[in-house]
Amino acid sequence: MGMTAIEKILAKNSGMDVVKPGDLVVVKVGTAVLYDNNFAPSIWRDILKVHNPENIVVVFDHRVPAKDIISATAQQTGRNFVKKFDIQRFHDVGAKQGISHVLVADYGYALPGSVLVCGDSHTCSAGVFNCAARGTGAPDMFYAVTKGETWFRVGETIRYDFQGLLPPAVSMKDVFLHIADTYGSHANLNVEFGGTALPELSINARRTMTTMCAELSAEFATFEPDQVMLDYVRERNPTSFEEQYPDEDAIYLDRRTINLDEIEPLVALPDTVLKNSQKVGEVIGTQINQAFIGSCANGTLDDFAIAAEILDGNKVSADVRLIITPGTQNIYLEALRRGYIETLIEAGAVVTNATCGACGGGHLGILASGETCITASTRNFKGRMGDPDSKVFMGSPATVAASAIKGKIADPRDFLN
Amino acid sequence: MEFTGKTWKFGDNINTDLILPGRAQLFTEAEQLRCVFEANRPGWVDEVAKGDVLIGGYNFGMGSSRPAARSLRNTGLACMVAESINGLFYRNCVNWGFLALECEGIFKAFKEGDQATVSFVDFTVKNRRTEEILQGRLVPDVLLTTMKAGGVLPLLETEGLIGSAK
């Protein structure tokens, strides 16, 4: 009986020959990523021993630079932990600052065929690298860091094959919204991605998809390896690895083909992305107060390139606050060199430092009661970005940029030649 | 291990931002408790009593990794039963020591306020009003042991791997 990519990764890292849905597996953890919330006074427990300091990455991302005394205290605790165990892969406030999942990609921390855990739900992001990457809770992280292993319940897998080419102004965010709208929740299931369209999809685009799979409630999101991905990792990390391809006779709960040519800009209505999106034309004209492009899903150069293209020569509506938050300081710097930042600021956007920021309602762009935001970030739950009575629509960076100009939800295709 | 308590019903896809809002993420445990369900059911934290049972719909606890399971445990709930529990939330139930059971048909079988008897021996749920008994999904031994022991932190503490709670 063949195995899917994720089943093979879990088998390899649990020392089993075969892993199948319904199993409970104990796997060795290749990479454990701790972030600022783990060090918060209400969570942190002093770690006395670590399994292997070389497997640990420490990142401050949710509230950087520290926005209040509690977050400052958490970061101070984190710095002490880094010193105590001489953690080399440390991303403090400064040049190496960024959102953990984006840094994991940019620094090649996620090795194909390995297991990566982090106490943030969007850790599935690293599945783009054929990695068994999963968000866990804080206690899981104490366990993984001290014992070097963790457990997973193995679910069934749904396979998506991408074919064709994305139309102009349409991005993987729209493809994700299409999947979430058409198929709804994937709770307790894995998703695997592949197909003939892969060579045309950048790592950034693919990573938008794997990151957003947290919103499908998927267990693991894994891309089939290809040369683009393997080269990307090898350029960043000299460590050897064994990527895992799905068996030809792998058993999937379902196989679905997504024709990229047919995808249009979509907008998710407030509170959930599950079966809750409409074509942008259906919601055009909805007034907004804020527009946001950022987060681990959409804080990449690709995202700022399209936003700058749309905003070039235009002005953000006087009624809208457009907030742009790069995924890492490196991305910020490169966007600056390429002129995107200048274009965005001239148009009236506010560009913040790299952080999770407004996405989680933590800082740098919180919504008041009755306000409406359109966001290209990860999540549009009720109250997610501020007051419980604020509303969050979700679209692609292109749709958000177009909406910021109009002051109401707009079609990005109207701004591209 | 068996509990009998008054039930409170919540629907499908109840997310972690409702259980524990983002603004409370860095609060103390006691402060976090005050914010549970403040957006969708304000005042509930004052109504729920020790030993009560939460009944959920599909994909309960979807969303973030935040310690929302700990906050539910801190309300005094004896346990929760849902049609299905989100994978990440389920991990957090195990690891924060909050007893949680998946049981198909549970949502329709109860009206809010019915008394439920939930068994973590044979994983059944009984509605004391209708006498209906439903069979829940088995919780693997190793996970049940951790849940009952109050989660993984006491275990790691015993093994000398982490310090004691302040």
Side-chain angles (χ1 to χ4, degrees), chain A residues 24 26 37 40-43 45-50 62-63 68 70-71 73-74 118-123 134-143 145-147 150-153 155 185 187-189 214-215 217-219 271-272 274 360-362 366 379 381-389, chain B residues 12-13 15-18 21-32 38-40 42 58-70 84-97 102 140-143 146 151-157 159-166:
Chain A
L24 183 75
V26 175
N37 282 6
S42 63
I43 292 286
R45 297 284 285 272
D46 200 20
I47 290 181
L48 306 176
K49 288 177 197 159
V50 297
H62 275 60
R63 293 165 186 84
D68 53 23
I70 303 177
S71 46
T73 306
C118 167
D120 181 87
S121 56
H122 294 106
T123 303
R134 205 209 186 296
T136 66
D140 277 298
M141 292 312 298
F142 288 111
Y143 197 91
V145 162
T146 56
K147 294 175 90 76
T150 193
W151 57 270
F152 295 120
R153 291 196 297 182
S185 166
N188 299 319
L189 300 173
E215 307 316 305
S217 296
E219 287 289 303
D271 298 351
T272 180
L274 301 172
I366 293 170
R379 207 164 261 166
F381 294 166
K382 184 174 164 65
R384 166 79 178 177
M385 297 179 75
D387 190 276
D389 292 322
Chain B
D12 293 340
N13 295 312
N15 69 58
T16 51
D17 293 50
L18 294 175
R23 70 178 191 86
Q25 268 202 51
L26 300 185
F27 289 3
T28 64
E29 275 188 68
E31 290 165 338
Q32 286 176 343
E38 67 177 11
N40 57 326
Y58 290 97
N59 198 20
F60 189 93
M62 68 181 283
S64 141
S65 59
R66 66 192 61 180
R70 180 176 71 178
S84 66
I85 300 174
N86 176 271
L88 176 51
F89 190 77
Y90 188 78
R91 295 187 77 86
N92 275 320
C93 290
V94 171
N95 289 331
W96 286 115
E102 293 177 303
D141 275 345
V142 56
L143 303 188
T146 307
V152 292
L153 298 184
L155 169 82
L156 295 175
E157 200 180 316
E159 292 186 23
L161 295 171
I162 63 170
S164 56
K166 280 173 192 154

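Computed from a predicted structure; not experimentally measured. The figures that follow rest on heavy atoms only: side chains count, while hydrogens, waters and symmetry mates do not.
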Determine the option with the most heavy-atom pairs under 4.5 angstrom with chain B, choosing from [options].
options	value
A:T136, A:T123, A:D120	A:T136
A:E219, A:K49, A:R63	A:R63
A:L274, A:V50, A:I70	A:I70

Could you give the distance from [atom1] ([X]) to [atom2] ([Y]), rounded to the nearest 0.5 Å?
X	Y	atom1	atom2	answer
B:N13	A:T272	CG	OG1	6.0 Å
B:L156	A:I47	CG	CD1	9.0 Å
A:K147	B:E159	NZ	CD	3.0 Å
B:N86	A:N188	CG	CG	7.0 Å
A:F381	B:T16	CZ	OG1	5.5 Å
A:S185	B:D12	OG	CG	9.5 Å

> Should B:L155 and A:Y143 be marked as a side chain to side chain contact (heavy atoms under 4.5 Å, CB included) after you check the CA-CA gap, both sets of side-chain angles, and the distance that decides it?
Replying inline: CA-CA 9 Å; B:L155 169 82; A:Y143 197 91; 3.9 Å; yes
> Any idea which heavy atoms bring B:N92 and A:P139 closest together, and the distance?
Replying inline: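 Closest approach of B:N92 to A:P139: OD1-CD, 4.1 Å.
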> Where does A:S71 contact chain B at under 4.5 Å (heavy atoms): side chain, backbone, both or neither?
Replying inline: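 For A:S71, heavy atoms of backbone and side chain both lie under 4.5 Å from chain B.
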> Would you say the side chains of B:S64 and A:R384 form a donor-acceptor pair under 3.5 Å?
Replying inline: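 No.
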> Which residues pass the side chain to side chain donor-acceptor pair (under 3.5 Å) test with B:S84, sequence neighbours left out?
Replying inline: none
>> Keeping A:R379 on the side-chain end and B:G63 on the backbone end, is there a donor-acceptor pair under 3.5 Å?
In response: yes
>> Quick check against the 3.5 Å criterion: does B:S65 have a side-chain atom that pairs as donor or acceptor with the backbone of A:G135?
In response: no
> Given the rule in the side chain to side chain contact (heavy atoms under 4.5 Å, CB included) test, do A:W151 and B:L143 qualify, once you have shown the distances and angles that lead to the verdict?
Replying inline: CA-CA 10 Å; A:W151 57 270; B:L143 303 188; 3.8 Å; yes
>> Test of understanding: with salt bridge (Lys or Arg N to Asp or Glu O under 4.0 Å), list the residues that count as partners of B:E38, not counting sequence neighbours.
In response: B:R23
> Does any heavy atom of chain A fall under 4.5 Å from the side chain of B:I85, the backbone, both, or neither of them?
Replying inline: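 It is the backbone, since no side chain atom gets that close.
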> With respect to chain A, which residue among B:L88, B:T28, B:V152 yields the maximal number of heavy-atom pairs within a distance under 4.5 Å?
Replying inline: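 Heavy-atom pairs under 4.5 Å are most numerous for B:L88.
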